[in-house]
Amino acid sequence: MAKELAKQYDPKNVEDRIYESWLKGRYFHAKVENDKKPYTIVIPPPNITGQLHMGHALDNTLQDILIRWRRMQGFDTLWLPGTDHASIATEAKIVATMREEGISKEDLGREGFLKRAWEWKEQYGGRIIEQLKKLGSSCDWDRTRFTLDEGCSKAVREVFCRLYEEDLIYRGNRMVNWCPCCNTSISDAEVEYEEKDSNFWHLLYTVKETGEQLELATTRPETMLGDTAVAINSEDERYKHLHGCHVILPLLNKEIPIVCDEHADMTKGTGVVKITPAHDPNDFEVGKRHNLPVVRTFTYDGHLTGAADKAEADEYIASGKASADEPEVLDCGKYAGMTTMEARKAILEDLEAGGYIKYIEPLKHEVGTCYRCHTSIEPMVSKQWFVRMDPLAGPAIESVEKGETKFIPERFTKNYMNWMRGTRDWCISRQLWWGHRIPAWYCSNCGKMTVSKTDLDKCPHCGGDVEQDPDTLDTWFSSALWPFSTLGWPENTPELEHYYPTNTLVTGYDIIGFWVSRMIFSALKYTDKAPFDTVLIHGLVRDAQGRKMSKSLGNGIDPLDIIDRYGADALRFTLATGNSPGNDMRFSDEKVNASRNFANKIWNASRFILMNIGDEDIPCKLPENLALEDKWVISLYNTLVKEVTENLEKFELGMAVAKLYDFIWDVFCDWYIEIAKIRLQNNDENAKAAKQVLVWVMSNTLKLLHPFMPFITEEIWQTLPHEGESIMISEWPEYDEAHAFDAEEAEMERIMVAVRAIRNRRTEMNVAPSKKAKVYIATAYKDTFEKGGVFMQKLASASEVEIADSFEIEGAVSIVTADAKIYIPMGELVDFEAEKARLAKELAAVQKDLDFVNNKLSNENFVSRAPAAVVEAQKEAKARYEEKIAMLNESIAKLN
RNA sequence: GGUCGUUUAGCGCAGCUGGUAGCGCACUCGCUUGACGUGCGAGUGGUCACAGGUUCGAGUCCUGUAACGACCACCA
């Protein structure tokens, strides 16, 4: 039965069917096999709110390449998938849809809201997983995890409690980044700085003791109601007389001290800074140093505080439940209830009216914004939970220094180190409902707080009623545990035992700080092991113009759309090729097009093979007798195996795939298949041998390509003679010493050079390919060219080929290669003058090469200092050039 | 302000441990060549950003400069 394949490869006909067959075969499933070496990757869990974008496509393509390769190599591979609950993003999304229905979080209450959130998760949370399958991802879906599932929650509680017991987690009133839109604190890492136009407002405060006007500048005049001091530098000669004095705070007419603090920089502005401990991180530190009151003037939703806010705070402080560092709240009077921007305007107007503004200086200013909603963040003192970073960062730095985890490319180690060294305590509490609720309970009776792994309903101290902390944890707190929480930690499961520590983490450079570093310090703390040995960093996928893909620009390219139009293999090939680790890449239709063409090329090569096999029973096995061209292609394939494997080991995926491309297209299709056609014309043993080699090389090359282009390789492999169920569980080819045919490679090379030279000459002379001509080859390599003669007929339009030591031929075009002198009699076609000119030109070119080599060889220093092999190579080149020059001269002489 | 990256053919990019510069696309010319025009063959096109240095020899190593970009940073 002749197998018929379509003329063009249509991925739509194969991808889903093949993916189904893989799932059915359970090839993705990892079951602990202790006799095999494990290879583990945990997926960077995409947000449940997410839709597959190019970043995911790249990230997961790389992971799938690695995991498929290792699986074929015989490792017990686990690619563990899952999703992230993404607290802020998800909550914001749900709140937004609720708003459209006219419902607020408060309407539903916490429980009702969470119910709705889980429903949302059930409905949409799996969407991205389905999209990953379209890419061909070979994750063990049976082990799909969720950062908010039971196991992860257990790990989160365990970690929280242990850290708390060790005093590595604490609760306190600290300066945090507050997003008035999301209504929650966010960590330093979640603040993005954006340049905005603003002003420096130069204000005048009156010194109480001396009556002089003290000039100071501020970018945030709306915070002035919360000023509790102004600072000067103690060294500053201009203000020495003011030490110990006070200023009158305008508008409030409140007396506040002048303090000396290093924070006041003499070289900046007037050297005087207003201090607002409640709403500026630096000022907060200054306030602590000088025991200044902390006066909060903003509400958490971004308005100025009023009488009610003050009353509430006063009552809380009076109740005794508040800690000593609880900030005061100001009744901002006429400004109460204004947004910060409204307040800025009103306050400036009043300051202006009072003559307190000296002048206004325009300024470009980096303003912190929320990474989710891009609202300007307000630094705010508030009571939050923090992870103490210093004790955790130390070992994390050491571990990477020792090489327990390597970054690829290496330069990102520095990036990581900078982040680790510079990091401040990590604010982990969020004023959100969707997430891991903080396992701390407060007693309404004795006021004590208890942190507990299990839920409490009574106070363990006094038996009074308790209430759980309403806040939830930063999403990244649970992501930080992902490499081990997903394997069962804190239980010592067989999975944890076998697959942990994991091997490779594949992620973008943009989340080294957010995620990679936190996994490393968490893993070291809890498992005593680095969570992975290698971090493979990739860059961003940009649009064809090199711009970042973004919603606002509308230049995003949908991977699913690309898969639909070109196929998943073409997409994967595009993403894997032509770029090196850590560098951004551009994505364009032309590139996918080229990848699609490659897929089609492979498809047609296999179509050719199948067409020739027909009904014959051809084993995927090399024949006994190998022809020159067989040995040549096998030898090159053998080298390919070695190099691709080495490239993969070094994570040079782009290089590996480029070599596959070159081999398949240039070596296998353009040369080997063309030459094989000669034997295939007949129906004999030689033809059969050729078919076997075609099948064998193709089939094995498909294996090498499979990690990159899983669908098409599977489809073709299944159609070709093969053994086994699926290419994805076939054995990764290995380099075979017996298949290294150096001599045949060299022989083929001589012939190929001659073929190219003949084609070249014919083209130059505008000889139509259909016009055949006899070829005479004068060469010392008679054996080689005897074998290559038929190739010349097929590939170089030779009618027949004659080989001898030398020829005396008049009126022929002559071609000189390093190994042969070739004559093609073309009668009237030969223009003697043009031929002479051409030969002269070629002679000049070779002469130039010879000069170059001679120049080197006559350099005493080169001969004495360069390695012997290099010198030897130059000498050989010299001999070659000289020989060629002699032959060219001979040809020219004959024309005269 | 700090750190890092990029700069190679018209465009997009490779070039690992230094030994006369490659790939894809585009372009030019030719080809109904029994797998593929999503193809085949032959070409055009680069003083490897700039200036020094190390070396027998530098796209490759070192120093500096410039342009662009990224990340980090509390700059009132």
Side-chain angles (χ1 to χ4, degrees), chain A residues 5 7-9 175 188 193 200 216-220 230-231 263-265 268-276 280-285 365-366 368 379 409 411-412 414-415 417-419 422 424 509-510 512-513 539-540 544 546 548 577-580 582-586 588 590-591 593-612 646-647 650 652 654-655 658 661-662 669-670 673-674 677 681 756 759-764 766-770 794-797 848-849 852-853 855-856 859-867 869-871 873-874 877:
Chain A
L5 290 180
K7 207 165 169 183
Q8 274 163 6
Y9 174 60
M175 182 59 59
D188 292 343
Y193 289 87
F200 255 145
L216 51 82
T218 180
T219 53
R220 303 186 62 222
V230 296
H263 170 60
D265 185 337
K268 280 176 189 155
T270 56
V272 185
V273 202
K274 68 190 222 30
I275 302 297
T276 321
D280 182 280
N282 292 309
D283 295 3
F284 181 74
E285 296 301 319
H365 186 58
E366 293 282 312
R411 67 184 135 95
F412 287 101
K414 200 156 186 173
N415 191 317
M417 291 294 179
N418 287 343
W419 195 90
R424 296 192 295 176
Y509 56 68
D510 46 337
I512 292 176
L540 260 40
K548 224 170 176 165
T577 205
N579 100 307
S580 45
N583 289 342
D584 291 354
M585 67 182 307
R586 299 191 190 196
S588 65
E590 292 87 85
K591 285 187 187 176
N593 211 46
S595 306
R596 192 270 319 266
N597 292 353
F598 179 51
N600 197 52
K601 186 75 182 173
I602 305 165
W603 181 255
N604 277 293
S606 69
R607 205 160 71 91
F608 171 80
I609 296 172
L610 289 167
M611 196 177 277
N612 279 285
E646 280 170 4
N647 284 139
K650 290 191 273 183
E652 296 165 347
M655 203 160 267
Y661 181 95
D662 289 344
C669 292
D670 287 350
I673 285 185
E674 290 308 314
K677 282 176 184 171
Q681 280 166 354
R756 288 195 195 101
R759 284 171 174 171
N760 177 325
R761 282 299 289 128
R762 292 179 57 104
T763 303
E764 255 180 279
N766 286 319
V767 186
S770 53
K794 172 77 189 154
L795 303 175
S797 302
K848 213 174 134 195
D849 287 341
F852 182 86
V853 174
N855 194 20
K856 269 196 160 180
N859 182 340
E860 190 59 36
N861 284 321
F862 173 74
V863 179
S864 60
R865 299 195 196 191
V870 174
V871 177
Q874 293 298 319

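Letters go in sequence order (proteins before strands), and every chain restarts at 1.
At the heavy-atom level, A/Tyr9 lies nowhere under 4.0 Å from the strands shown. Looking at heavy-atom distances under 4.0 Å, A/Lys591 makes contact with sugar-phosphate atoms alone, never a base. Across all strands shown, A/Asp265 has heavy atoms under 4.0 Å from base atoms, whether or not it also approaches the sugar-phosphate. Residue A/Lys677 is classed as a base contact, given a heavy-atom separation below 4.0 Å to a base. No engagement by A/Ala877 is indicated, since no non-hydrogen atom pair under 4.0 Å with the nucleic acid exists. A/Arg596 comes within 4.0 angstrom of a base, heavy atoms only. Nucleic acid contact for A/Ser606: none, since no nucleic acid atom lies under 4.0 Å from a heavy atom of the residue. Contact annotation for A/Leu216: no contact, since no heavy-atom pair falls under 4.0 Å across all strands. The residue A/Ala658 sits apart from the nucleic acid: no heavy atom pair falls under 4.0 Å. Residue A/Pro867 is in base contact, counting any heavy-atom pair closer than 4.0 Å across all strands shown. As judged by a 4.0 angstrom heavy-atom cut-off over every strand, A/Gly368 is placed among residues making no nucleic acid contact.
The two atoms that bring A/Pro379 and A/Arg220 nearest to each other are CD-NH1, 3.8 Å, heavy atoms only. Residues A/Leu795 and A/Glu674 share a closest heavy-atom pair of CD2-CB, 3.6 Å. Annotation for A/Cys669 and A/Ala605: closest pair SG-CB, 3.8 Å, computed over non-hydrogen atoms. Closest non-hydrogen pair, A/Asp283 versus A/Lys274, comes out as OD2-O, 3.2 Å. Across all their heavy atoms, A/Met175 and A/Phe284 have their closest contact at CE-CB, 3.6 Å. Minimum heavy-atom separation, A/Asp584 to A/Gly539: OD1-CA, 3.4 Å.
Proximity of A/His263 to A/Glu285: side-chain heavy atoms (C-beta onward) are nowhere separated by under 4.5 Å. Two residues are said to be in side-chain contact when any heavy atoms from C-beta on lie closer than 4.5 Å; A/Lys601 and A/Asp670 meet this criterion.
Distance noted for atom C1' between B/G46 and B/A14: 15 Å (whole Å). Taking atom C1' on both nucleotides, B/C50 is separated from B/G59 by 14 Å, rounded to a whole Å. With C1' as the reference atom, B/U8 and B/G12 are 12 Å apart, rounded to whole Å. Comparing B/A76 with B/U3, their C1' atoms sit 25 Å apart, to the nearest whole Å. With C1' as the reference atom, B/G34 and B/G19 are 46 Å apart, rounded to whole Å. Nucleotides B/C13 and B/A49 are separated by 15 Å at their P atoms, to the nearest Å. For the C1' atoms, the distance linking B/G10 with B/U17 amounts to 34 Å, nearest Å.
One can place NZ of A/Lys414 at 11 Å from C1' of B/G2, the figure rounded to the nearest angstrom. Rounded to whole Å, atom P of B/C16 lies 10 Å from atom NZ of A/Lys650. If you take CG of A/Asn282 and P of B/C74, they are 8 Å apart, rounded to a whole angstrom. Going from atom CG of A/Leu795 over to atom P of B/G34 covers 13 Å, rounded to whole Å. Nucleotide B/A35 holds its P atom 12 Å from the CD1 atom of A/Ile609, rounded to whole Å. A straight line from CG of A/Leu540 to C1' of B/G5 spans 13 Å, rounded to a whole angstrom.
Taking the side chain of A/Gln8 as heavy atoms from C-beta on, and the options B/A14, B/U38, B/A35, the nearest nucleotide is B/U38. Taking the side chain of A/Asn604 as heavy atoms from C-beta on, and the options B/C36, B/G19, B/G5, the nearest nucleotide is B/C36.
With A/Asn415 contributing its side chain and A/Arg411 its backbone, the two residues share no donor-acceptor pair below 3.5 Å. A/Asn600 contributes no side-chain N or O that, together with a main-chain N or O of A/Arg596, makes up a donor-acceptor pair within less than 3.5 Å.
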Could you go over nucleotides 70-72 of chain B and give all protein N or O partners under 3.5 Å, atom names and distances?
none

Collect all protein-nucleotide pairs involving nucleotides 39-42 of chain B in which both atoms are nitrogen or oxygen and the distance is under 3.5 Å.
{"residue": "B/G39", "atom": "OP1", "partner": "A/Asn597", "partner atom": "ND2", "Å": "3.4"}
{"residue": "B/G39", "atom": "O3'", "partner": "A/Lys601", "partner atom": "NZ", "Å": "3.0"}
{"residue": "B/C40", "atom": "OP1", "partner": "A/Lys601", "partner atom": "NZ", "Å": "2.8"}
{"residue": "B/C40", "atom": "OP1", "partner": "A/Trp665", "partner atom": "NE1", "Å": "2.5"}
{"residue": "B/C40", "atom": "OP1", "partner": "A/Asp670", "partner atom": "OD1", "Å": "3.2"}
{"residue": "B/G41", "atom": "OP1", "partner": "A/Asp670", "partner atom": "OD2", "Å": "3.4"}
{"residue": "B/G41", "atom": "O3'", "partner": "A/Arg759", "partner atom": "NH1", "Å": "3.3"}

Distances under 3.5 Å only, N/O to N/O: pair up the protein atoms with those of nucleotides 20-24 of chain B.
{"residue": "B/U20", "atom": "O4", "partner": "A/Asp849", "partner atom": "OD1", "Å": "3.3"}
{"residue": "B/U20", "atom": "O4", "partner": "A/Tyr881", "partner atom": "OH", "Å": "2.9"}

Quick test: give all pairs of protein nitrogen or oxygen and nucleotides 46-48 of chain B nitrogen or oxygen below 3.5 Å, distance rounded to 0.1 Å.
none

Problem set entry | CA sep, side-chain torsions, deciding dist, call: A/Phe862, A/Val870, side-chain contact (heavy atoms from CB on, under 4.5 Å) | CA-CA 9 Å; A/Phe862 173 74; A/Val870 174; 3.9 Å; yes
For this session: Would you sort out whether A/Trp419 and A/Ile512 count as a side-chain contact (heavy atoms from CB on, under 4.5 Å), showing the intermediate values?
Result: CA-CA 8 Å; A/Trp419 195 90; A/Ile512 292 176; 5.6 Å; no
Problem set entry | Residue pair A/Glu652, A/Glu646: steps toward the side-chain contact (heavy atoms from CB on, under 4.5 Å) verdict | CA-CA 8 Å; A/Glu652 296 165 347; A/Glu646 280 170 4; over 6 Å; no
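Not counting sequence neighbours, A/Tyr9 has no partner by the side chain to side chain donor-acceptor pair (under 3.5 Å) test.
In this model, the phosphate group of B/G12 is approached by a side-chain N or O of A/Arg586 to a distance below 4.0 Å at OP1 or OP2. Remark: A/Ser588 is not in phosphate contact with B/G12, judged by side-chain N or O atoms under 4.0 Å from OP1 or OP2.
Separation of atoms CZ (A/Phe200) and OG1 (A/Thr218) is listed at 8.0 Å; rounding is to 0.5 Å.
Interface remark: the A/Glu674 side chain does form a donor-acceptor pair with the B/A35 base, using a distance-only criterion of under 3.5 Å.
Taking the nucleotide of RNA chain B with the nearest heavy atom to each of A/Arg220 and A/Lys7, the more 5' of the two is matched to A/Lys7.
Between A/Phe598 and A/Tyr661, the angle of the ring planes lies from 30° to 60°, which puts this pair in the tilted group.
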Exercise. Reading RNA chain B 5' to 3', how would its secondary structure be written in dot-bracket notation, given Watson-Crick and G-U pairs with both distances under 3.5 Å, brackets [ ] for crossing pairs and | for partners on other strands?
Worked result: (((((((..((((.....[..)))).(((((.......))))).....(((((..]....))))))))))))....
